[in-house]
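Throughout, protein chains are lettered first and strands after them, A, B, ... in sequence-line order, and every chain is numbered starting at 1.
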There are 2 protein chains.
Amino acid sequence: MFDAKSQNSKETTQDAIYRRIRQSLLTGQASPGEALSIRRLVEKFEVSATPVRDALSRLEAEFVLVRGPNRVLMIPNLSVGELKDIHRLRAAIEGLSAELAADRATSDEIKEVSDLCDTMDAALAKGDADTYLTLNWAFHRSIYKAAHSDVALHIIENLWLRSGPYLRLPVLIDAAEQPSQSRQRSMQFHRACLAALQAGDADAARDAIQSDIAAASDELFQYMKAAHAAEVDNWVPDLRVPSK
Amino acid sequence: MFDAKSQNSKETTQDAIYRRIRQSLLTGQASPGEALSIRRLVEKFEVSATPVRDALSRLEAEFVLVRGPNRVLMIPNLSVGELKDIHRLRAAIEGLSAELAADRATSDEIKEVSDLCDTMDAALAKGDADTYLTLNWAFHRSIYKAAHSDVALHIIENLWLRSGPYLRLPVLIDAAEQPSQSRQRSMQFHRACLAALQAGDADAARDAIQSDIAAASDELFQYMKAAHAAEVDNWVPDLRVPSK
DNA sequence: CATCTACAAGTGTTATCACACTTAGGGTCG
DNA sequence: CGACCCTAAGTGTGATAACACTTGTAGATG
């Protein structure tokens, strides 16, 4: 049994492995292009192959992993075109979820969104990009959770997981700029969405979320364009943060 | 090795099992509420537990199956509220895909959509509800495939798979009515979408698809309301087709 | 009749093993 | 130098066995 301390008593081994692989994607510890071989994970986690296989099967089903040479499962590189499609879908689905949240959120849920705004401001003030990123996802997720639509929430979680490695990039680069204009602008959209939830204004909530998503994706594509001249949709971005 | 005839030479056992379980859902051979125990599937397919587990893990990851008593995986009953959320999401995502398809479809792809319209008309003229349902999905899928966005297509496929058992209901009931007004109306939306693809009109394509989805979901909820007085969103519909 | 206990049957989970196929690296030959 | 062959190492796949836990049933007791 591996690392019993980080595995709660009811969690199966496969669930724990699944959770940890997902986490490594969101935190940048694992990167697109990496292969996740069963045997290497067996050694790393000190478990048998069975729960590793189960976890990997799940991640393949979610398109978080794709088959590479010799059928090894790999974290896919997303092309610019795919990233654009993900952002279009996010705008559509997260916009709809924000509308539902404006109609359905409880006062406790709205307070949670508000508290997360405050802690995000604090992380920004400290220039702590990693914490900001973690809180950014928590902020968005709390809104979509308040929509009380598990169907939508699962789709959104999946899209965030798959595009997460790319979305981190401008935020990490930007951390050197203090205060960051882009992050301040995001917080304005976040505050606008919070106000819309408080007012039960579904249209305003949707617009604020969609503006936030559009700004983040514009920022990412601007960064990519500046880093590389290519404009082709099937170009695959290089995820290494440039040296300063 | 099970049923080698229906398993092509490159398909793994787990893939074949996965495909067959999905198929049984779409055709109504398996129904919400059923438990899929590993050992029963091992007997049914005459294979070992390992590929069965892999297939089931994938279906769980896609929320096609959920955990029941003793952690057995079951086909979930969807509540009215969940069905409504699925329809909202379908309208948003399939509408977006139809827009993309209007911009991106090749003439071969448009011809495929047109041919499918024709064969659907033929199935309707014969009162063949099962064939109509199969073709209806093929028709829609051909449009979304022409959008060239795998991200969106996979989400759509998943939503269709999960709501498929419910969407079959009014079509099967309706088959006795000849000609069926609802089916004729659907075909009008289908034809409108085809015309929009041919004209490269993204707005019209989106509107036609969304109208088709809205009409189908209205029909389903009207059928449910007529069958049962309950209006509560968490009511779980009974999927048995009533005796005639 | 209701409640409790014991046991069998059913559920999934994990470990281990062997096989098939692919990929990479080294050596040989023309 | 390029092409080909061979072998080792790496990849996943499926089979089998044992264990843990849960559920259902039958029998005993008050």
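Protein atom CD of B:E11 is 16 Å distant from nucleotide atom C1' of D:dG12, rounded to whole Å. Spacing between atom CZ of B:R67 and atom C1' of D:dT23 amounts to 17 Å, rounded to whole angstrom units. Regarding A:L36, its CG atom lies at a distance of 13 Å from the C1' atom of D:dT11, rounded to whole Å. In this entry the distance linking CE of A:M74 with C1' of D:dG12 reads 15 Å, nearest Å. In this structure, CG of A:L41 is placed 14 Å from C1' of D:dG10, rounded to the nearest angstrom. A:L56 places its CG atom 8 Å from the P atom of D:dG12, with the value rounded to the nearest Å. Between B:L65 atom CG and C:dT11 atom C1' there is a gap of 15 Å when expressed in whole angstrom units. Nucleotide D:dA15 holds its P atom 11 Å from the CD atom of B:E46, rounded to whole Å.
Among the atoms of the strands shown, none is found under 4.0 Å from any heavy atom of A:A35.
Applying the salt bridge (Lys or Arg N to Asp or Glu O under 4.0 Å) rule to pairs touching residues 26-37 of chain B yields nothing, sequence neighbours excluded.
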Output side-chain donor-acceptor pairs under 3.5 Å for residues 148-157 of chain A, partner residues at least two apart or in another chain, one line each.
unit_1 : atom_1 : unit_2 : atom_2 : d
A:H148 : NE2    : A:E109 : OE1    : 3.1
A:H148 : NE2    : A:E109 : OE2    : 3.0
A:S149 : OG     : A:A152 : N      : 3.2
A:S149 : OG     : B:D85  : OD2    : 3.2
A:H154 : ND1    : A:D150 : O      : 3.0
A:E157 : OE2    : A:R141 : NE     : 2.7
A:E157 : OE2    : A:R141 : NH2    : 3.0

Side-chain donor-acceptor distances from residues 95-102 of chain B under 3.5 Å, at least two apart:
unit_1 : atom_1 : unit_2 : atom_2 : d
B:S97  : OG     : B:I93  : O      : 3.4
B:E99  : OE2    : B:R206 : NH1    : 3.2

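A search for side-chain hydrogen bond (donor to acceptor under 3.5 Å, both in side chains) contacts involving A:W160 returns A:E94, not counting sequence neighbours. With sequence neighbours excluded, the residues forming a side-chain hydrogen bond (donor to acceptor under 3.5 Å, both in side chains) with B:R67 are B:E60, listed by chain and number.
Counting only heavy atoms from C-beta outward, the side chains of A:P32 and A:Y166 approach each other to under 4.5 Å.
Closest to the side chain of B:R71, from the set C:dG12, D:dG14, C:dT16, is C:dG12. Listed nucleotides: C:dT13, D:dG14, D:dG12. Nearest to the side chain of A:T12: C:dT13. Distances were taken from every side-chain heavy atom of A:I38 (C-beta onward) to each of C:dT13, C:dT11, D:dT13; the shortest belongs to D:dT13. Of the listed nucleotides (C:dT11, C:dT16, D:dA15), C:dT11 has the atom at the smallest distance from the side chain of B:S37.
In this structure, the side chain of B:E62 does not engage the main chain of B:L59 through any donor-acceptor pair within 3.5 Å.
Phosphate proximity of D:dG14 to B:S48: absent, as no side-chain N or O sits under 4.0 Å from OP1 or OP2.
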Under 4.0 Å protein heavy-atom contact, by nucleotide of nucleotides 20-26 of chain C - B base, S sugar-phosphate only: --SS---
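In terms of position on DNA chain C, the residue among B:R40 and B:T50 whose nearest nucleotide sits closer to the 5' end is B:R40.
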